[in-house]
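Comments concern the structure below.
Chain naming here is simple, since letters A, B, ... match the order of the sequence lines and numbering starts at 1 in each. Just the heavy atoms: all of them, side chains too, but no hydrogens, waters or symmetry mates, feed the values below.
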Amino acid sequence: MANPLTLYVPIKQDAVSQAAAQLAYQNFVKSVTTGLDESAIVHYARVALIPNASGQGTYAILLITTFDGPMNPYLGFFWKNPSTQQAFAGIAAIALTPPNPPVKDLTGFENFINKNNLSKSASPGKPGDLYEAYTKTVKEITSTAKELVLPKQSV
Amino acid sequence: MTKTNNNSIPDKSNIQGMILRGFTHPYSCHLIFQFNDKKGAKSFIKSILPYIQSAESWGDLKPDIMLNIGLTYNGIITASDLSETYLEYFPNSFIEGPTSAGSQGSLNDWGVSDPSGWAFGNDTDEQHVDCVVHTYALTSEALALIVSIVSDAAKANGPTEFLPVDNGTKRLEEYALMPRNVVHFGYLDGIDQPDLVWNDPADPNDSGDLRNFLIGYPLSDAGPGPTGDNPAGDFAKDGCYNAFRMLYQDVKAFDDFLIDNAPRAPKEAQQTPEYAQEWIAAKLNGRWRNGSPLELSPNAPDVATSHATDFGYKGDTTGMKCPFAAHTRVGNPRDEVLNPSEPSPVPRLIRRGMPYGAPPTLKSYDGERGLIGLFLCGSIATQFELLYSWMNTTNFANSFPTQQGQDGLIANRDMPGADRSYNIPTADGSITIDSLPHFVITRGTAYCLLPSISTLKSIAG
Ligand code: HEM
């Protein structure tokens with residue numbers, strides 16, 4: 001079963017934090033690709049910068065992913081992986097409200113992600129907020145895709 | 001990243017006993033409470049604290065009565081003086097508790113196990129648990145004594161007790177006639193446990209290292225948490241989490257299943273109908289009911305291997321000896337090659353549970369029976385819940401691209417998308433069971449911290 005994460009983090013307004021947000025946005029795909037590829041559980045991940053109402057600068061960072069299985073047991077993987085750790089720690093560092101506890105270890109990371117997650121996974125008696133068009137996992141999809149690659153024709 | 005707290009060897013007299021050793025007292029009762037207020041919670045703990053058993057050796061004088069104490073996050077809020085800032089230092093899965101969407105992503109207590117039907121521990125005000133007291137005794141009279149000490153202390157100080165069982169004393173207690181280390185489906189249990197070693201330097205491939213369970217001595221920034229020289233780290237140091245779960249076992253459904261499916265066992269297992277049933281039971285668990293692992297004794301149980309723990313699954317990539325979804329193969333896949341997102345080495349759990357209810361052989365007993373599950377860990381999310389999620393959806397290993405049904409014994413068959421089928425590879429082709437029944441149903445859960453004795457003393461004041 002896939003689950004959603006919608007990480008919504010209002011950020012500081014000083015020039016350094018604002019520039020860091022821009023940089024995080026621009027480098028996002030490049031910086032997380034290795035980690036997410038390795039995990040083989042993330043379907044899609046994207047980031048967006050929410051502008052201030054004035055139209056000047058960024059109000060918040062929004063990171064949206066859909067992944068296979070439960071979230072908390074796998075945060076360890078994303079914390080251990082240097083590329084994803086850096087991406088998340090970077091967001092935590094410019095958060096308007098400094099994370100409590102600080103994001104210095106896996107517990108801090110687990111708490112930061114959960115506190116700022118706007119999504120709800122379905123659980124017994126409580127509906128979730130994710131629509132799924134299919135139930136296949138990344139692993140199933142990619143292994144089928146590999147099987148479908150036809151052998152090269154000799155010319 | 002920071003490596004926190006000092007790394008000196010812990011003092012056993014400060015650690016609750018059950019963390020380091022499985023108590024072998026023949027009688028135990030597990031009392032579940034909700035506190036009334038801070039003052040009452042503190043004086044309740046103070047009045048039962050003299051009976052607490054630490055992890056220190058008791059030498060030749062095995063105590064007649066003793067207890068260990070667990071506090072949930074709610075219980076810590078009520079009983080302790082930790083400020084809100086530091087309460088937030090506990091890991092999210094402990095804070096939010098077992099009915100949260102996060103934890104249910106792994107536990108999957110759907111349908112028959114829905115928390116709304118639990119006897120304790122769902123997230124309503126009436127049901128929230130603050131404290132679990134684990135009492136142990138050498139005789140039934142001694143058990144009655146320690147139970148009355150605890151329940152009298154509760155009556156005097158305000159905590160309300162949950163009575164979760166539908167018969168007898170209504171408490172979760174071990175039944176005197178139940179054979180040692182045997183669970184209700186007839187299997188030998190308690191065979192393989194983490195070694196809880198403390199080697200310096202630590203072996204990174206040993207997930208049984210005590211520092212992965214005991215809070216305050218982290219080998220890496222992965223925990224256990226809370227870490228650090230701060231009030232939360234100090235409060236939790238020398239403690240360990242206990243995922244406490246009341247798991248009803250449907251012995252009739254299990255026995256009927258074995259009888260119905262025994263004729264499908266291969267010819268070699270059809271010596272007698274009973275033997276064919278044993279064969280099916282072994283294929284669900286990964287060990288024969290006498291304890292022999294299928295990897296070492298694939299064709300028949302063997303006294304010589306009944307307590308064996310030194311084996312792996314690497315040589316059995318087809319599941320021909322042990323099905324991929326057999327309970328012990330999922331609970332501890334050992335050397336199996338796992339998906340890259342899974343941790344390495346495989347996390348372990350300290351299992352300190354015991355059965356409740358009379359043995360199925362006692363025909364006059366018509367009450368319920370099951371497992372009083374005590375699953376001790378340093379991280380609820382990355383140890384207990386991770387393994388639970390594997391049991392519900394067995395897709396964690398590289399050797400199988402798709403899900404392999406569900407854990408043969410304990411998975412929740414009502415979860416959305418559950419693959420209830422069960423595959424037993426044999427030399428003559430696979431035996432596929434279309435739909436496994438619910439053998440195990442959740443009746444209650446509480447995530448507790450088993451705090452250090454100095455922390456309990458500081459709470460008691
Ligand atoms: C009523 C429910 C359960 C029954 C009847 C049951 C039964 C058993 C049995 C018979 C064994 C083999 C004995 C041994 O290796 O020590 C075992 C092992 C084990 N069980 Fe369970 N179990 C239950 C629930 C659970 C739960 C909820 C978990 C945790 C998620 C769990 C985790 C394990 C683990 C980790 C092992 C050790 C496997 C190994 O190291 O090889 N069990 N269980």
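- Here the straight-line distance linking atom OG of Ser341(B) with atom CG of Leu36(A) works out to 11.5 Å at 0.5 Å rounding.
- Both the backbone and the side chain of Asn100(A) come within less than 4.5 Å of a heavy atom in chain B.
- Within residues 112-124 of chain B, the residues having any heavy atom under 4.5 Å from a heavy atom of chain A are, by residue number, Asp114(B), Pro115(B), Asp123(B).
- Side-chain atoms of Lys115(A) and Glu88(B), non-hydrogen and from C-beta on, do get closer than 4.5 Å to each other.
- Scanning residues 238-247 of chain B against chain A with a 4.5 Å non-hydrogen threshold yields no residues.
- A 6.0 Å sphere centred on NZ of Lys126(A) holds more than 12 heavy atoms belonging to other residues, nucleotides or ligands.
- Thr382(B) has its side chain within reach of Leu106(A): a pair of non-hydrogen atoms, C-beta onward, lies under 4.5 Å apart.
- Inter-residue side-chain proximity for Tyr74(A) and Glu342(B) is flagged as met; some heavy-atom pair is nearer than 4.5 Å.
- At a threshold of 4.5 Å between non-hydrogen side-chain atoms, the residues Ser106(B) and Pro73(A) count as touching.
- Crowding of Phe28(A) atom CZ: a count of heavy atoms from other residues, nucleotides or ligands under 6.0 Å exceeding 12.
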Check against side-chain hydrogen bond (donor to acceptor under 3.5 Å, both in side chains), Asn395(B) and Lys139(A) | CA-CA 9 Å; Asn395(B) 61 357; Lys139(A) 188 177 162 189; over 6 Å; no
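- In terms of heavy-atom pairs under 4.5 Å with chain A, the best-connected choice from Gly223(B), Gly102(B), Ser93(B) is Ser93(B).
- Heavy atoms of Glu38(A) lying under 4.5 Å from chain B belong exclusively to its backbone.
- Tyr89(B) places none of its side-chain heavy atoms less than 4.5 Å from the side chain of Asn111(A).
- For the set Ala40(A), Pro101(A), Ser39(A), the count of heavy-atom pairs under 4.5 angstrom toward chain B peaks at Pro101(A).
- Residue Met71(A): no heavy atom, backbone or side chain, is found under 4.5 Å from chain B.
- If you measure heavy-atom distances from Phe90(B) to chain A, the contacts under 4.5 Å come from the backbone alone.
- In terms of heavy atoms, Pro124(A) sits closest to Asp109(B) at CG-O, 3.2 Å.
- Most heavy-atom pairs under 4.5 Å with chain A, from the set Ser379(B), Ala222(B), Gly417(B): that is Ala222(B).
- Heavy-atom pairs under 4.5 Å with chain A peak, among Asn339(B), Thr393(B), Asp414(B), at Asn339(B).
- Looking at heavy atoms from C-beta onward, Pro70(A) lies out of side-chain contact with Glu385(B) at the 4.5 angstrom threshold.
- With a 4.5 angstrom heavy-atom cutoff, Lys120(A) does not touch chain B via any of its atoms.
- The candidate with the highest count of non-hydrogen atom pairs below 4.5 Å against chain A, out of Asn92(B), Ile380(B), Thr85(B), is Asn92(B).
- Using a 4.5 Å cut-off between heavy atoms, Pro340(B) contacts chain A through both its backbone and its side chain.
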Between Asp105(A) and Thr227(B), is a side-chain hydrogen bond (donor to acceptor under 3.5 Å, both in side chains) present by the stated rule, with each step listed?
-> CA-CA 8 Å; Asp105(A) 57 18; Thr227(B) 51; 2.4 Å; yes
